[in-house]
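Working notes for the structure below.
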Amino acid sequence: MKKRVVSILAAVTLIGTLMAGCGAKDKAPDAAVSPDGGNKPEAQLVVAGNGATVENLMKDEIFKKFNEKYPDVKLSYVSGVSTEIVAKVKAQQAAPQIDLVIIEGGEQETGRKAGLWEPLVEQDIPNMKNVMDNLAISENSGVTVNFTPMGISYQAEEVKAKGLPIPESWNDLALPEMKGNITLTEISSNFGRSALIMLAYANGGNEQNMDPGFEKLKTIAGYMPTFAKSAAQLQQNLQNKSAVYTAWTMARSLVQADAGLDLEFVIPKEGAPIVPNVASKVKNAKNTAATDLFIDFLLSDEVQTLYGTKLYYHPATEVKLPDDIAQKLDFDRNKIVKTDYEAIGQNMSAWLDRFNKEIAPVTGK
């Protein structure tokens, strides 16, 4: 009799468990899962980022490798400079057409202040935990996927042939020997803006006191026929040897050296900022699961290694690069100047006005 009672109780318990399971299923259906056990991505994903070599790597390798894992996701790429991408996302706020942006840190901060990004959650993007602490982004509004230091590049043979100085200081860009030998971008570009900020630092200023930087930039403006509008124009000026010196990143310099330019890169004695490339999730965009999976993929060892070996970007994680690449990317980390992105965002409009009033009119004169 006792065994029978136990059997009945066991049966009742089993039925109750099954009914409870059915009830729970009715209330909250299980989410579809992706091959790696996470939420199933949506059918498409629109990514916006820089063009040229960055776009080529994204389309030719990163997209293809992602589709090997998630073949049902149609990937699209919108190329442009970071300022243009932020403006586009802002214009589309009511109905976002872009899901994910990968842009430079200064512009990402501008977008954060404008409320354009959805906070990232480590539970949804596990590889976020592998990103180095010093690359953290405010309010988890994005995650750094790679970075590269700013500095000065120069054509070594041209410098030697013309008896020009090897740059050691940001102030060397304002030496009289630079006349007819230098190219810089406008300060709306990160390259030009960073050079301006470091000219201020090199002369006792900072983001809150840019007078020293503008004074030096005024001198440099007289050495050039015009300020370049883009990195592509800087590259052309170096290629046709209308310029010997420029201010841009280590990554750009190394890529162009591989393409045949006789470039050397230096970080001046005053130091230089790094340029982080930050992945941010567009607020109210539709393809959230696909975005999370793609950001996590960008932080995988495979893609972090691609950034280092193909574009000479420093990985955001501690992935081990091939020895020859690691040697090329080595630099003195003590020279990193941590610029104030919030101050840059607050003051950029005033700096642009000042550039147009004080610098542009004296260019080439």
Side-chain angles (χ1 to χ4, degrees), residues 31 39-52 54-55 58-59 62-63 66 70 73-125 128 131 135-146 186-190 193 229-230 275-299 316 339-353 356:
N39 288 346
K40 183 177 180 181
E42 296 82 5
Q44 63 179 356
L45 178 68
V46 181
V47 181
N50 289 338
V54 174
E55 180 178 5
M58 189 66 71
K59 289 180 175 178
I62 296 175
F63 275 10
F66 184 79
Y70 307 101
V73 181
K74 180 183 177 182
L75 297 164
S76 303
Y77 194 78
V78 178
S79 65
V81 299
S82 296
T83 49
E84 294 172 347
I85 291 169
V86 171
K88 190 172 291 187
V89 171
K90 191 170 184 177
Q92 297 173 355
Q93 273 183 289
Q97 304 300 305
I98 294 169
D99 301 299
L100 167 66
V101 302
I102 305 168
I103 56 176
E104 292 159 354
E107 283 67 33
Q108 194 276 344
E109 172 64 15
T110 298
R112 184 188 73 84
K113 300 289 282 187
L116 301 182
W117 320 129
E118 194 74 41
L120 302 183
V121 180
E122 189 176 301
Q123 181 179 348
D124 299 326
I125 307 170
M128 280 178 65
V131 175
L135 298 175
I137 302 300
S138 295
E139 300 177 344
N140 281 339
S141 59
V143 62
T144 301
V145 295
N146 59 59
E186 296 178 341
I187 68 166
S188 56
S189 159
N190 181 63
R193 180 178 69 228
K229 300 289 186 184
S230 65
V275 180
N277 289 304
V278 181
S280 295
K281 188 175 183 178
V282 176
K283 185 171 287 187
N284 298 324
K286 296 178 181 178
N287 303 309
T288 57
T291 299
D292 288 340
L293 288 170
F294 194 80
I295 294 174
D296 198 60
F297 185 63
L298 292 178
L299 297 172
T339 49
D340 186 342
Y341 285 134
E342 187 165 354
I344 292 170
Q346 290 172 348
N347 296 317
M348 194 61 208
S349 179
W351 295 351
L352 286 170
D353 286 343
N356 291 329

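Numbers for residues simply follow the sequence, beginning at 1.
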Min side-chain heavy-atom separation [X]-[Y] under 4.5 Å:
{"X": "Lys88", "Y": "Val78", "answer": "yes"}
{"X": "Lys59", "Y": "Leu75", "answer": "no"}
{"X": "Leu352", "Y": "Ser188", "answer": "yes"}
{"X": "Asn50", "Y": "Ser82", "answer": "yes"}
{"X": "Gln93", "Y": "Lys283", "answer": "no"}
{"X": "Tyr341", "Y": "Gln108", "answer": "no"}
{"X": "Ile295", "Y": "Leu120", "answer": "yes"}

Have a look at Lys281 and tell me which of Asp99, Asp292, Thr288, Thr291 forms a side-chain hydrogen bond (donor to acceptor under 3.5 Å, both in side chains) with it.
Asp292
Would you name the heavy atoms of [X] and [Y] that are closest together and state the gap between them?
{"X": "Val282", "Y": "Pro96", "result": "CG1-CB, 4.0 Å"}
{"X": "Gly105", "Y": "Val278", "result": "CA-CG2, 4.1 Å"}
{"X": "Trp117", "Y": "Gly111", "result": "NE1-C, 3.3 Å"}
{"X": "Val145", "Y": "Ala279", "result": "CG1-CB, 3.8 Å"}
{"X": "Ile187", "Y": "Trp351", "result": "CD1-O, 3.5 Å"}
{"X": "Asn277", "Y": "Asn146", "result": "ND2-OD1, 2.6 Å"}

Any sub-3.5 Å donor-acceptor pair from [X]'s side-chain atoms to [Y]'s backbone N or O?
{"X": "Ser280", "Y": "Ser141", "answer": "yes"}
{"X": "Gln97", "Y": "Ala95", "answer": "yes"}
{"X": "Ser79", "Y": "Glu55", "answer": "no"}
{"X": "Gln44", "Y": "Lys74", "answer": "no"}

Give, for atom [atom1] of [X] and atom [atom2] of [Y], the distance between the pair rounded to the nearest 0.5 Å.
{"X": "Leu100", "Y": "Tyr77", "atom1": "CG", "atom2": "OH", "value": "9.5 Å"}
{"X": "Leu299", "Y": "Phe297", "atom1": "CG", "atom2": "CZ", "value": "11.0 Å"}
{"X": "Gln346", "Y": "Thr110", "atom1": "CD", "atom2": "OG1", "value": "10.5 Å"}
{"X": "Asn140", "Y": "Glu118", "atom1": "CG", "atom2": "CD", "value": "12.0 Å"}

The test is side chain to side chain contact (heavy atoms under 4.5 Å, CB included); show your working for Leu298 and Ile102 and say whether it passes.
CA-CA 10 Å; Leu298 292 178; Ile102 305 168; 3.7 Å; yes
Tell me, with the steps shown, if Ile344 and Thr339 meet side chain to side chain contact (heavy atoms under 4.5 Å, CB included).
CA-CA 8 Å; Ile344 292 170; Thr339 49; 4.2 Å; yes
Ionic contact status for Arg112 with Glu139, cut-off 4.0 Å
yes
Salt bridge (Lys or Arg N to Asp or Glu O under 4.0 Å) partner of Arg193, chosen from Glu104, Glu107, Glu186
Glu107
